[in-house]
Amino acid sequence: FTEKHLLIFSKYPMNPPDGVILKNIRTGEEIFFESVEIACKSLDTKKHTIYTHAKTGKIFNEKYKVELFKIRENIGPTVG
């Protein structure tokens, strides 16, 4: 697992959500949120906005590219 996986698992061990990665288009710096809900609270925005920006590639706040860290796609097959 990556560090991002472990951050999500530490907060949500039973049902881990997708994370959110903001990439600063000017500096390349990344900000990682363990869930869309945490990102929304921190950025004072709605889930719809996060998902729309991630899907369309539209720049958020004229500064960030939004990507979803799809945890289930990044861990491979699971048991159960």
Taking all heavy atoms of [X] and all of [Y], pick out the closest pair and write down the distance.
X	Y	answer
Cys40	Lys46	SG-C, 3.4 Å
Lys47	Val36	CG-CG1, 3.8 Å
Ile8	Pro16	CG2-CB, 3.6 Å
Glu34	Leu7	CG-O, 3.7 Å

Look at the side chain of Asn24 and the backbone N and O of Tyr64, then say whether any donor-acceptor pair between them is shorter than 3.5 Å.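 Looks like no, no N/O pair under 3.5 Å.
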Sidechain-backbone polar pair: Thr52 side chain, Thr49 backbone, donor-acceptor under 3.5 Å: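 No; judged by distance alone, with no hydrogens or angles, the pair does not exist.
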Atom pair CG (Asp18) and CZ (Arg72), whose distance is rounded to the nearest 0.5 Å: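 One finds 6.0 Å between CG of Asp18 and CZ of Arg72.
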Which pairs pass ring-ring contact (aromatic ring centres under 6.0 Å, His included) with one or both residues in residues 31-54, sequence neighbours excluded?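 Residue pairs with at least one partner in residues 31-54: Phe32-Phe69, His53-Phe60.
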Would you indicate whether the side-chain heavy atoms of Leu22 and Leu43 approach each other to under 4.5 Å?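 Side-chain contact under 4.5 Å: yes.
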State plainly whether one hydrophobic cluster holds both Val20 and Ile59, where clusters connect Ile, Leu, Val, Met, Phe, Trp and Tyr through side-chain heavy atoms under 4.5 angstrom apart.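 Unlinked, Val20 and Ile59 end up in two clusters.
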